[in-house]
Colleague: 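For reference, the structure I am asking about is given below.
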Amino acid sequence: MRPKAASPVTPPHRAAAPPAAASSAPAESLAGVPADIAPKLAKLGIRVWADLILHLPLRYEDETRLVPLASAPSGELVQVEASVLDAEVQYRPRRQLVVRVEDASEELTLRFLHFYPNQLKQFVPGSRVRLLGEIRRGMFGAEAIHPRYRIVRGAAPLADTLTPVYPTTAGLAQPTVRALVGRALAQCELGDTLPQALLAELKLPGFAEAVRFLHAPPPDVALEALENRSHPAWARIKFDELLAQQLCMRSSYRRRRRRAAPALPARGHLLRKLLDSLPFALTPAQHRVIAQIRADLARAHPMQRLLQGDVGSGKTVVAVAAALQAIENDWQAAVMAPTEILAEQHYLKFSAWLAPLGVEVMWIAGGQGKRPRAAARKRLLEARPLIAVGTHALIQETVEFTRLALAIVDEQHRFGVRERLALGEKAPASSEPHRLMMSATPIPRTLAMSFYADLDVSVIDTMPPGRTPITTKLVAARRREEVIARVRDACMDGGQAYWVCPLIEESDALQLQTAIATHEAIQQTFPELTVGLVHGRLAPAEKAEVMARFKDGDISLLVATTVIEVGVDVPNATLMVIENAERMGLAQLHQLRGRVGRGRAASICILMYETPLSQLARARLKIVYETADGFEIARKDLELRGPGELLGARQSGVPMLRFADLDADIALLEKARLAAERMLELEPGLARAHLARWFGAQAEFLKA
């Protein structure tokens, strides 16, 4: 049975979706599929018959009409029918099968550079052949290279729908996929999973109507509406996909809210003392976010909040305020950061602010000696109210908390899902801790609404007063000597500077070599300057010593790898040079640039680049040069890279989008958010059916 035509598909620039079962039936429900075909289907995420319903076409071909050769537009895919004049194998300029055909209007030459011997026998002079391909006209007349063809005899009716072209894999031909889709449409349940009232409100077609249309659109459909996915049938599919993601994420959110967590009333006496002792006043945005967190912590179910703010917006003091609420209620808090430099910065700030209040702050990191670490572990087991600050060492099996009530993870996107959850699992078995995740890499609104829908989100959207704007300059690497002279002048005038070495093919070893070589070269060029070196392979004690000397002003110029991307706060450092800036991502460039401009003096960030620049590198540098707004940079980054790369480790266990576009479909996303809450509350059966259609057996396991 020839399957009906097909439907739109994931555009080439979008990543393939993770396996998305459309039914919870076991894999053997693909019964009847040949044993050699099933593994190929599995590569496409097709494990049950219902998966084929949502395996939508990439594009369509029009086999519903014939075009006279003379009328066929050059370079466009058309279908023609002609009679064979002759066929032969030619050997100049290379071996090829050449077939001449004609219809009543024109002659056409077919060329097959790759062919089988029996193909020559198919093209019998006088036989009729139906061709689908691109016709190009040149000095030798009209030609078609490797058109798709079939010999026709007698009545050969044309297709009555557009022909779908599906995503496929090696060894799985289009006719096979079309036949399988046809079987799936005939035998699978296509009932609606949306309430009728919602369908009417959103003016969307029914599910069966939409998928049948997209798999077999009529020939008179506006192709542009299919290709740009603006057709109502596409709107239904995209809405369903967004709704499935929202249902998945909000279900996870609701499940967590049903669990128990220590209720931490906002007593406030320590927070008042802290705010009175600080040499600066908090911004309205910081006050607003602290109030949101305090209200969350006072409840007896786990807080799951993402705190985001641009570089230097003041997230650390918010984290301290949250930790104090645990301390005020005789519980413990833990703060985990991805690098020792960032973790140590937190430890030093927490200690400086909280030691005068009598709050104990502990340090736990991989570089600690055995005795200090053993002493720290012992203190945690004594059930004392304290704050433990550290790196991944906090989640080692040997580290145990007896009264952990709050887990704070900074730069959360740099941890895997398992690592983020592991810190919370250090809490007593009888309860779950509150979780606060922080990020200085702003998340675009649409990304937060979709992929972070299982979290409450707080945003610090203003900067503290007194921060000096940073001037960004783009300088070609051939002007390196000028840049070096400028760095020397800045340091000799009493300022401090960073020189960030390039990331070379993501190789730590090569990056290290470059940093060491740059450090030696600058030392030799300017013996009068004190030049420090810091990189990821330094022993923790050495790293801490270099950073302390730089902060104290003993080191004028710090040569570093991108290990200083986050957590370094030296107000006197007013100049940064980033080598090979074209190799770095937008978020990384913005984070690095944020290491300067932390005092009141004018600051400059020089982005040195090698030529020629790729189109993507040019676009990135232009964005960083033109804006210092981290949220705008994040939005542009989403446009350039799509959500998959921005999400990083978080996408493990998070349903990715195949059809919807976060930028173009923001209105649908808003509606899906509202609909998900309503369905979970009023139509839980339909919500489960919808999740089963889109994620199958995975629906029970998808978590953030």
Side-chain angles (χ1 to χ4, degrees), residues 1-10 16-61 63-64 132 148 150 156-193 205-218 233 236-237 240-241 244 655-656 658-659 685-686 688-702:
M1 153 181 159
R2 183 181 181 277
K4 294 183 180 179
S7 105
V9 196
T10 312
S23 124
S24 56
E28 50 267 30
S29 60
L30 267 177
V33 172
D36 62 325
I37 297 296
K40 297 181 176 71
L41 291 173
K43 287 183 179 179
L44 299 171
I46 299 168
R47 292 175 174 79
V48 294
W49 279 106
D51 288 345
L52 285 155
I53 302 300
L54 293 170
H55 188 67
L56 297 176
L58 290 163
R59 55 187 174 84
Y60 301 93
E61 294 172 347
E63 295 182 279
T64 66
L132 186 72
R148 196 165 78 232
R150 66 187 176 107
L158 295 168
D160 55 5
T161 65
L162 298 182
T163 303
V165 179
Y166 290 99
T168 188
T169 188
L172 191 60
Q174 286 293 329
T176 302
V177 180
R178 289 172 191 146
L180 290 170
V181 169
R183 285 181 63 182
L185 287 170
Q187 69 188 43
C188 289
E189 172 59 50
L190 300 180
D192 231 297
T193 55
F207 178 75
E209 178 189 347
V211 293
R212 289 189 186 281
F213 179 93
L214 290 175
H215 282 293
R236 172 60 200 264
I237 294 301
D240 275 21
E241 180 181 43
M656 297 296 287
R658 286 184 283 170
F659 307 121
L686 286 179
R688 284 192 296 271
H690 194 84
L691 283 170
R693 169 168 284 160
W694 280 87
F695 304 127
Q698 293 184 91
E700 294 302 314
F701 304 108
L702 286 167

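What you see below is based on every heavy atom in this structure, not just the backbone, and it leaves out hydrogens, waters and symmetry mates. Bear in mind the structure is a predicted one, so any value in this text is a computation, not a measurement.
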Colleague: Atom CZ in Arg183, atom CG in Leu30: separation rounded to 0.5 Å?
Modeller: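 Nearest 0.5 Å value for the CZ-CG distance: 9.0 Å.
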Colleague: Could you work out, with side chain to side chain donor-acceptor pair (under 3.5 Å) as the rule, every residue matching Thr64, not counting sequence neighbours?
Modeller: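 Thr64: side chain to side chain donor-acceptor pair (under 3.5 Å) contacts with Asp62.
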Colleague: Checking Pro157 now: which residues fulfil side chain to side chain contact (heavy atoms under 4.5 Å, CB included) with it, not counting sequence neighbours?
Modeller: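 Pro157 satisfies side chain to side chain contact (heavy atoms under 4.5 Å, CB included) with no residue once adjacent residues are dropped.
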Colleague: Restricting to side chain to side chain contact (heavy atoms under 4.5 Å, CB included), what partner residues turn up for Leu686, sequence neighbours left out?
Modeller: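 So Leu686 forms a side chain to side chain contact (heavy atoms under 4.5 Å, CB included) with Pro195, Met679, Glu683.
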Colleague: Measure the CG-CG distance between Leu180 and Asp51 for me, rounded to the nearest 0.5 Å.
Modeller: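 Nearest 0.5 Å value for the CG-CG distance: 12.0 Å.
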Colleague: Is a side-chain donor or acceptor of Lys43 paired with a backbone partner of Pro39 at a separation under 3.5 angstrom?
Modeller: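 Flag not set: sc Lys43 to bb Pro39 has no pair under 3.5 Å.
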Colleague: With side chain to side chain contact (heavy atoms under 4.5 Å, CB included) as the test, would you mind laying out the steps for His55 and Val177 before giving the verdict?
Modeller: CA-CA 9 Å; His55 188 67; Val177 180; 4.1 Å; yes
Colleague: So which heavy atom on Ala244 is nearest to which on Phe695, and how close?
Modeller: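 In terms of heavy atoms, the two residues are closest at O-CE1, 3.5 Å.
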Colleague: At what distance, to the nearest 0.5 angstrom, does NE2 of His690 lie from CD of Glu241?
Modeller: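 The distance works out to 9.0 Å.
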Colleague: Given Leu54 and Arg658, is the side chain to side chain contact (heavy atoms under 4.5 Å, CB included) satisfied, shown in steps?
Modeller: CA-CA 10 Å; Leu54 293 170; Arg658 286 184 283 170; 3.9 Å; yes
Colleague: Identify the heavy atoms of Leu52 and Ala184 that sit nearest to each other, and give their distance.
Modeller: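 For Leu52 and Ala184, the tightest heavy-atom pair comes out as CB-CB, 3.7 Å.
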Colleague: Measure the spacing between OG1 of Thr163 and CZ of Arg178 and express it to the nearest 0.5 Å.
Modeller: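 One finds 6.0 Å between OG1 of Thr163 and CZ of Arg178.
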Colleague: Kindly write out the residues that satisfy side chain to side chain donor-acceptor pair (under 3.5 Å) with Thr168, not counting sequence neighbours, or none if the list is empty.
Modeller: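 Side chain to side chain donor-acceptor pair (under 3.5 Å) check on Thr168 returns nothing, list empty.
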Colleague: What's the spacing between Arg212 CZ and Ile53 CD1 if we round to 0.5 Å?
Modeller: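 CD1 of Ile53 is found 7.5 Å from CZ of Arg212.
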Colleague: Can you check whether Leu56 reaches Tyr166 side chain to side chain, under 4.5 Å on heavy atoms?
Modeller: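 Side-chain contact under 4.5 Å: no.
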Colleague: Could you pull out all residues at least two apart from Arg148 that satisfy salt bridge (Lys or Arg N to Asp or Glu O under 4.0 Å)?
Modeller: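 By the salt bridge (Lys or Arg N to Asp or Glu O under 4.0 Å) rule, Arg148 matches Glu61, Glu63.
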Colleague: Begin with the C-alpha distance, continue with both residues' side-chain angles, and end with the deciding distance and a verdict on side chain to side chain contact (heavy atoms under 4.5 Å, CB included) for Phe207 and Thr193.
Modeller: CA-CA 8 Å; Phe207 178 75; Thr193 55; over 6 Å; no
Colleague: Who pairs with Ala210 by side chain to side chain contact (heavy atoms under 4.5 Å, CB included), at least two apart in sequence or on another chain?
Modeller: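 By the side chain to side chain contact (heavy atoms under 4.5 Å, CB included) rule, Ala210 matches Pro205, Ala233, Arg236.
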Colleague: Got a sec, which residues hit side chain to side chain contact (heavy atoms under 4.5 Å, CB included) with Ala173, two or more places apart in sequence or on another chain?
Modeller: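 Side chain to side chain contact (heavy atoms under 4.5 Å, CB included) list for Ala173, sorted by chain: Pro175, Thr176.
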